[in-house]
Amino acid sequence: MPLHLEIVTAERTVFSGEVDMVTVPGSGGVMGVLPHHAPVLSTLRPGELHIKVGDEITYFAIGGGFVDIQGDRVIILADSAERADEIDIARAELARQRAQELLRNTPPLDKEDLFKIEAALRRSQVRLQVARRYRAQRGLDTSA
Amino acid sequence: MPTAREIKRRIRSVRNVRQITKALESVAAGRVRRAQQMVEATRPYSARARELLASVASLAGGETRHPLLAHRERVRAVALVLISGDRGLCGAFNSNIARTALTFIRESSFPVRVVTIGRKGRELLSRRGAHIIADFSPLPSRPGLLDITPAVRVVLDAFTNGEVDEVHLCYTAFLSPTQQRPVVKRLLPLLPESIAPSYPQGPRPAYEFEPGAAEILNALLPRLTEIQVYQAVLESQASFYTAQRIAMRNATDNASDLIVSLTLSYNKARQQGITSELLDIASGAEALRKMAEQS
């Protein structure tokens, strides 16, 4: 019996459907979830999430959040989530450079700005990683 | 009495204005729909987040005494998050919400610190001497959750470090496409009814918490605060565009009325011109005839 998975962000429902397995970046380490998993509530760190349906693996970039595993139902509340093929590498790269630039060149930042930039940096890094992996698997150009 | 040519010029300019207001009306109508969809799209997340909270709170027992949930006995200062529009051309939308905020400030027995999201609200309130501690405008036309997190952080920080003991949210609620109303809602401490759903019946599964129930609660409650502000921003946007659509429709109707009455006076002026010309010709002819008779 497959797992019912939902990936929702504040802006939209990113995924909803039946999967055979889901691997999430838990704060305590990467967790692979199969049907009949023990109930778990965990926080997530920014990272890669993938789902397996049959032999098909789909990758997502997650910007932190929560996972609620209960029987055969898995709900992921993500701060941000994108499917690998939705990610625009050029834009993510630009965002990463901009964030790094900001962190390096403008030291007197208040807390909010710093928090915002650091979060943006982490998100863009994960996004790039997921998008590059996806493209490499399909033999596509990974530079842009 | 303006000449026929002057009136014609005015008709042309009113026609141009009508074209613009008509275009703005249909743009606003499209945006109402989009904003409504965005409000709808946040519902699954907030519903799931509340379920999650119910699971954590019911299992963690004593953990419900989280600082963000704790009601404070002594209130010395409160914060008000005012959500308004960034632009005008929307009838009384901005002044209505600003009036609601000012009434709240006047009737409050404690000093009120204001955080504004929306340019118009900031302008209207700073003119009236409100104590604005932070401003986050303008917002992009399709705001994401990340666009409002800085504003939420400011009030969360102010609340947790004791600068304010309550946080209220003032925005225009989108009740239905025909009904929008300025409201003031308490944001912090989180209201039990806004966070705790009806607890699902039956025994709860023996959850394992990672890293721990307290940590999850710590991460989850700020998110719930954010989502409430985010939903308020989106509702306010839907209301703003509704107000704009109505304002623009009225403007278009007024322009049409104006064109009708201007056309009327144009015709009158034209008729008058013809009449006086005819009179000239007639009297000239009469004079000629008389001269011919005399000679």
Self-check item: B:Glu40 atom CD: more than 12 heavy-atom contacts under 6.0 Å
Solution: yes

Self-check item: Neighbourhood of chain B inside residues 9-17 of chain A, taking heavy atoms under 4.5 Å as contact
Solution: A:Thr9, A:Ala10, A:Glu11, A:Arg12, A:Thr13

Exercise. Would you mind telling me which of B:Asp135, B:Ile133, B:Ile105 makes a side-chain contact (heavy atoms from CB on, under 4.5 Å) with B:Val114?
Key: B:Ile105

Quiz prompt | Test ring-ring contact (aromatic ring centres under 6.0 Å, His included) applied to B:Phe240 and B:Phe174, B:Phe93, B:Tyr171, the passing residue | solution = B:Phe93

Quiz item: With chain A, which of B:Arg48, B:Glu226, B:Gln231 has the greatest number of heavy-atom pairs at distances under 4.5 Å?
Solution: B:Arg48

Quiz item: Can you list the residues that meet the side chain to side chain donor-acceptor pair (under 3.5 Å) rule with B:Asp86, with sequence neighbours excluded?
Solution: none

Quiz item: Are more than 12 heavy atoms from other residues, nucleotides or ligands located less than 6.0 Å from atom CZ of B:Arg72?
Solution: yes

Practice problem: Give, as side chain, backbone, both or neither, the part of B:Leu234 having an atom under 4.5 angstrom from any heavy atom of chain A. | Solution: neither

Self-check item: Partners passing side chain to side chain donor-acceptor pair (under 3.5 Å) against A:His50 (at least two apart in sequence or in another chain)
Solution: A:Thr23

Quiz prompt | Any residue meeting ring-ring contact (aromatic ring centres under 6.0 Å, His included) with A:Phe60, in chain and number order, not counting sequence neighbours | solution = none

Quiz item: Only one of A:Ile75, A:Val24, A:Val74, A:Asp72 clears side-chain contact (heavy atoms from CB on, under 4.5 Å) with A:Leu5; which?
Solution: A:Val74

Quiz prompt | Part of B:Ile216 within contact of chain A (heavy atom distance under 4.5 Å) | solution = both

Quiz item: Of all of B:Glu215, B:Arg43, B:Gln37, B:Arg223, which one pairs up most often with chain A through heavy atoms under 4.5 Å apart?
Solution: B:Arg223

